[in-house]
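This report refers to the structure that appears directly beneath it.
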Amino acid sequence: MLSKCVCVLIVVSLTLILGLIPIAGNVSAQEVSVSDYEVPVSAADRLLIDFSMNHATTGSTATTSKGNVGGVYKRFYDSLPFGYSIDVIGSGLMDKIIETDEYESNYSINGDAGVKKYLNQKGRSLKDIFGSLRVSSDMHRHYDRPASAATVGLGYGRFIEATALAKAVRIEEFLIKEGELNGHLPKAAILEISKIINRENEFEDKFGETYKKEWYKEMETVMRESGLLNETGLSAVGVLRIEEILEREAIADRFYGWDVALGSKFDITTPYTDQERPVANLDVSASYARPIAWQWQINERISVNTPFDSFASAYSLSLSSDISYELSNRIDLRLRHLLRLDKPDGADVENSHSFGLSFIYYIENNINLVVTEQLEKVPDEDITSNFTVLLNYRVF
């Protein structure tokens, strides 16, 4: 069964790679590249709430009664010389045991927060060296207390949040299709429009409730100066298209960059009060992110750690892959794969896989329909499959 699962993952991966080739080739139509986009401050904020419920009866007797609620909060901020990130994932389950007429509950919360301090501001080639502190915590219903760990390290690299540039490229695409623009805007114009999009709060503070008029007008000025905008300027349809992209469509966060870090990880608290804290670990991690042709976003992260008292004879490795593709302006496809390798001292390597495929349909007013198929494979157990359909609410 494991070999079949691996084969499926390989086929999916090859399909994605082959699919990327023609898509990447279309980038030449647009002069701007994601690496051209540099801003002094990158920030992203996202809060999602999931809810599902299943209640079934036969006659007047309930046969199934359970509910699920989950939440995801992500916060990213990066500037020179400081940056931080917060990731929190939580879920709760309430299931009624029909035979005993009692409810069984379960919950799980995972949190991860990190800060970076860039150490060198003078030499450009060394400006991305940083010191870091990361704290993670897990809490489950059956734990005595939250398990927590901290990692102190030194690294190199930086990530840039480029969602505003993705929105500017989509605006250009729609305006060309509607005949408002006579061709692709020059690189400088696209970059300038993306900076204006990032300045929304500035326009709102300055002009109040009517700020959108001035906001769109400044974007129109950049298009007019390029010489590619129709002489009459933006039509009502063009303005509506811009408003739709900026205000109604949900565009997944776009990031590019990479970093590597070397540090020491140690447990602060163990999940059970009678469990001793293990010795500190050597921790090595690397991350990579990049949008491709603006429809694709690829995120990769690998982490390896080994205890200092059994260096290399015991270790754990995790490799996470997150790929999203915009099938349309309302439908996203997302693939997630997590591989874990764990080798205790003196024992064989154990591996586990988690693979998820999701279709997300953006309905309206921050409400999304999410269809997900999840496959799990852990040591000494058969593959488990879980299919869910739920409504997702994007708070911001």
Examine the side chains of [X] and [Y] and answer whether a donor and an acceptor come within less than 3.5 Å of each other.
| X | Y | answer |
| --- | --- | --- |
| Q297 | S324 | no |
| R145 | T270 | yes |
| D283 | T151 | no |
| D45 | Y73 | yes |
| Y118 | D78 | yes |
| E200 | N198 | no |
| E376 | S354 | yes |
| E161 | T163 | yes |
| S385 | Q374 | no |
| S148 | T269 | yes |

Practice task
Taking N230 for its side chain and G179 for its backbone only, find out whether a donor-acceptor pair lies under 3.5 Å.
Solution key: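 It does hold such a pair.
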
Practice task
For W215 and I196, indicate whether the former's side chain and the latter's backbone hold a donor-acceptor pair under 3.5 Å.
Solution key: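 Such a contact is found between W215 side chain and I196 backbone.
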
Membership question, hydrophobic clusters at under 4.5 Å side-chain separation (ILVMFWY): are [Y] and [X] in the same one?
| X | Y | result |
| --- | --- | --- |
| I160 | I190 | yes |
| L47 | V88 | yes |
| L375 | F359 | yes |
| V239 | L229 | yes |
| L327 | I323 | yes |

Handout entry: Worked check of side chain to side chain contact (heavy atoms under 4.5 Å, CB included) between T306 and N281
Key = CA-CA 5 Å; T306 179; N281 289 356; over 6 Å; no

Exercise for the section: Go through the steps for W296 and Y325 under the test ring-ring contact (aromatic ring centres under 6.0 Å, His included), then give the verdict. Expected result: CA-CA 5 Å; W296 294 82; Y325 175 64; 4.5 Å; yes

What's the spacing between [X] [atom1] and [Y] [atom2] if we round to 0.5 Å?
| X | Y | atom1 | atom2 | answer |
| --- | --- | --- | --- | --- |
| I251 | E326 | CD1 | CD | 6.5 Å |
| R336 | R334 | CZ | CZ | 6.0 Å |
| M223 | N182 | CE | CG | 12.5 Å |
| K343 | Y315 | NZ | OH | 6.5 Å |
| E247 | L240 | CD | CG | 12.0 Å |
| S226 | L185 | OG | CG | 5.0 Å |

Practice task
Evaluate the side chain to side chain contact (heavy atoms under 4.5 Å, CB included) criterion for residues D259 and K116: first the C-alpha distance (whole Å), next the side-chain angles of each, then the deciding distance (0.1 Å), finally the verdict.
Solution key: CA-CA 12 Å; D259 66 20; K116 289 180 179 180; 3.1 Å; yes

Exercise for the section: Give the minimum heavy-atom separation between R254 and P291, together with the two atoms involved. Expected result: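 The answer is CD-CB, 3.8 Å.
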
Is it true that [X] and [Y] have a side-chain N and a carboxylate O under 4.0 angstrom from each other?
| X | Y | result |
| --- | --- | --- |
| D322 | R301 | no |
| R170 | E173 | no |
| K74 | D87 | yes |
| R241 | E178 | yes |
| K187 | D36 | yes |
| E218 | R199 | yes |

Report the relative orientation of the aromatic rings in [X] and [Y]; use parallel for angles under 30°, tilted for 30 to 60°, perpendicular for over 60°.
| X | Y | answer |
| --- | --- | --- |
| F82 | Y84 | tilted |
| F255 | F76 | perpendicular |
| H353 | H337 | parallel |

Exercise for the section: Begin from the C-alpha positions of D332 and Y361 and carry the test side-chain hydrogen bond (donor to acceptor under 3.5 Å, both in side chains) through to its verdict. Expected result: CA-CA 7 Å; D332 278 6; Y361 177 71; over 6 Å; no

Practice task
Please assess Y256 against F159 for the test ring-ring contact (aromatic ring centres under 6.0 Å, His included), listing each intermediate value before the final yes or no.
Solution key: CA-CA 6 Å; Y256 79 92; F159 286 91; 8.8 Å; no

Handout entry: Lys NZ or Arg CZ of K206 over F203 ring: under 6.0 Å, within 45°
Key =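 That pair does not qualify as a cation-pi contact.
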
Exercise for the section: Determine, stepwise, if the pair V32 / V169 fulfils side chain to side chain contact (heavy atoms under 4.5 Å, CB included). Expected result: CA-CA 9 Å; V32 71; V169 170; 4.3 Å; yes

Practice task
Show your reasoning for whether side chain to side chain contact (heavy atoms under 4.5 Å, CB included) applies to N351 and R340.
Solution key: CA-CA 6 Å; N351 64 76; R340 285 192 58 88; over 6 Å; no

Practice task
Go through S303 and S318 one step at a time and tell me if the side-chain hydrogen bond (donor to acceptor under 3.5 Å, both in side chains) criterion holds.
Solution key: CA-CA 5 Å; S303 177; S318 67; 4.6 Å; no

